[in-house]
Amino acid sequence: MAPTKTELKRRWKDGDFVAALPFPPDKIPEQDQLQNVDLRGVPKLGNGGPLGWFKFHSVESSGVDLSFGDGVLNVYGSTLTDLVCREFKFDRASWFNESTFVRSEFTRSRLRLNVVDCEFHECVFDGTIFVGGFNEFGFRRCTFRDCQFVLADWQRTYLRACRFTGCDFTKFTISDSIVAGFKYESCIGFHNEMFVQCDVGGLEKLA
């Protein structure tokens with residue numbers, strides 16, 4: 001039987017469990033320590049919790065699972081494949097910069113972060129909730145290819161100079177946001193009504 005969310009979170013209070021991780025909890029993990037790692041339920045990631053130093057910095061990583069956790073997730077200059085952040089609660093200090101995400105999942109996560117110059121390939125954002133602060137949190141110069149946004153609800157964010165190709169926008173809503181440069185092609189479910197009370201500019205359908 002799969003462990004419950006409560007059990008996944010409780011194990012982080014077990015010193016033996018933390019000591020058995022493939023990297024020291026008080027240091028930034030190296031690339032070979034970030035392959036197929038189960039970190040589900042981690043509390044206060046990168047923010048004073050048991051993994052206060054955790055981040056992805058200039059690494060190629062595959063199979064890290066942070067589902068049902070919370071905290072600061074910083075990703076810089078990295079390529080992450082099969083990252084799983086299902087129902088992860090992002091702290092407002094989270095930051096993705098100059099990185100590529102492949103087949104990664106953010107289903108039903110609570111997003112509040114800055115994302116700059118990143119690429120997302122075959123990633124899942126279904127049911128995500130983005131609660132930003134207009135100019136404080138959002139996406140700048142990002143590319144999304146074959147990604148899913150089914151039933152996502154993004155509020156008070158911004159999308160600047162972003163491109164979407166082959167994405168699924170079914171029941172995706174963006175509200176009270178700034179949209180400045182939104183190019184899309186071959187996307188499912190796109191319609192102008194997905195932008196609710198938004199400041200929209202640079203909306204362009206590509207051939």
Side-chain angles (χ1 to χ4, degrees), residues 5 8-9 39-47 56 64-75 78 80-97 99-179 182-184 187-191 193-198 200:
K5 297 179 188 178
L8 290 171
K9 293 179 180 180
L39 303 177
R40 291 175 297 170
V42 60
K44 298 182 180 179
L45 182 74
N47 194 21
F56 294 94
V64 175
D65 194 339
L66 295 165
S67 296
F68 317 119
D70 63 82
V72 177
L73 181 58
N74 286 330
V75 182
S78 296
L80 308 186
T81 302
D82 296 323
L83 171 70
V84 183
C85 292
R86 189 179 301 119
E87 296 185 39
F88 187 89
K89 294 182 180 179
F90 286 82
D91 184 277
R92 61 190 299 161
S94 298
W95 182 281
F96 295 174
N97 191 24
S99 295
T100 299
F101 298 79
V102 181
R103 295 190 306 274
S104 295
E105 181 183 352
F106 302 89
T107 301
R108 294 188 300 279
S109 62
R110 184 178 178 88
L111 303 170
R112 180 177 290 183
L113 71 165
N114 261 316
V115 185
V116 181
D117 296 322
C118 287
E119 296 184 13
F120 296 86
H121 301 270
E122 300 180 61
C123 294
V124 179
F125 294 88
D126 292 354
T128 52
I129 296 175
F130 197 117
V131 182
F134 292 107
N135 289 323
E136 296 179 66
F137 306 99
F139 298 82
R140 184 182 292 115
R141 298 186 301 276
C142 292
T143 300
F144 301 83
R145 294 184 181 277
D146 301 318
C147 295
Q148 295 180 199
F149 300 86
V150 178
L151 291 171
D153 181 13
W154 292 7
Q155 305 175 28
R156 299 190 300 280
T157 184
Y158 65 80
L159 291 162
R160 301 182 188 276
C162 291
R163 180 168 179 160
F164 300 81
T165 302
C167 295
D168 188 346
F169 292 145
T170 302
K171 295 186 179 180
F172 178 27
T173 302
I174 302 171
S175 58
D176 298 315
S177 299
I178 297 173
V179 180
F182 187 108
K183 297 181 179 181
Y184 65 100
C187 292
I188 298 171
F190 179 89
H191 54 89
E193 288 72 25
M194 63 188 280
F195 303 103
V196 180
Q197 296 182 334
C198 292
V200 180

Problem set entry | Minimal non-hydrogen separation, Cys162 against Leu159, with atom names | SG-CD2, 4.3 Å
Exercise. About how many Å separate NZ of Lys44 and CG of Asp70, when rounded to the nearest 0.5 Å?
Worked result: 8.5 Å
For this session: Answer yes or no: is there a side-chain heavy-atom contact under 4.5 Å between Leu111 and Phe88?
Result: no
For this session: Please state whether the rings of Phe130 and Trp154 are parallel, tilted or perpendicular, taking 30° and 60° as the class boundaries.
Result: tilted
Exercise. Just wondering, do Val131 and Arg156 contact through their side chains at under 4.5 Å, heavy atoms?
Worked result: yes
Exercise. How many angstroms lie between CZ in Arg103 and CG in Leu80, if you round to the nearest 0.5 Å?
Worked result: 12.0 Å
Exercise. Out of Phe182, Phe125, Phe172, which residue meets the ring-ring contact (aromatic ring centres under 6.0 Å, His included) rule with Phe164?
Worked result: Phe182
Problem set entry | Inter-residue atom distance Phe101.CZ - His121.NE2, 0.5 Å rounding | 11.0 Å
For this session: Determine yes or no for a side-chain-to-main-chain donor-acceptor pair under 3.5 angstrom, with Ser109 supplying the side chain and Thr107 the backbone.
Result: no
Problem set entry | Least distance between heavy atoms, Ser177 atom then Ser175 atom | OG-O, 2.7 Å
Exercise. Atom OG1 in Thr143, atom CZ in Arg163: separation rounded to 0.5 Å?
Worked result: 7.5 Å
Problem set entry | Separation between CG of Leu73 and CG of Leu83, rounded to the nearest 0.5 Å | 6.5 Å
For this session: Would you confirm whether Thr128, through its side chain, and Asp126, through its main-chain N or O, come within 3.5 Å as a donor-acceptor pair?
Result: no
For this session: Let me see the working for Phe149 and Phe144 under ring-ring contact (aromatic ring centres under 6.0 Å, His included), right down to the final yes or no.
Result: CA-CA 11 Å; Phe149 300 86; Phe144 301 83; 5.7 Å; yes
Exercise. Is the closest side-chain heavy-atom distance between Arg160 and Ile178 below 4.5 Å?
Worked result: yes
Exercise. Closest approach of Phe137 and Thr157, non-hydrogen atoms and distance?
Worked result: O-OG1, 3.0 Å
Exercise. Checking Asn74 side chain against Trp95 main chain: does a donor-acceptor pair fall under 3.5 Å?
Worked result: yes
For this session: Flag the pair Ile174 / Met194 as yes when at least one side-chain heavy-atom distance between them is below 4.5 Å, and no otherwise.
Result: yes
Exercise. With side chains defined as the heavy atoms from C-beta onward, is the minimum distance between Asn114 and Tyr158 less than 4.5 Å?
Worked result: yes
Exercise. Do the side chains of Val196 and Thr173 get nearer than 4.5 Å, heavy atoms only?
Worked result: yes
Exercise. Are the side chain of Asp65 and the backbone of Leu39 linked by a donor-acceptor contact shorter than 3.5 Å?
Worked result: no
Exercise. Between Ser94 (side chain) and Arg92 (backbone), is there a donor-acceptor pair under 3.5 Å?
Worked result: no
Exercise. How far does CG of Asp82 sit from CD of Glu105, to the nearest 0.5 angstrom?
Worked result: 10.0 Å
Exercise. Which residue pairs pass the salt bridge (charged side-chain N to carboxylate O under 4.0 Å, His left out) test with at least one member in residues 106-117, sequence neighbours excluded?
Worked result: Glu87-Arg108, Asp117-Arg141
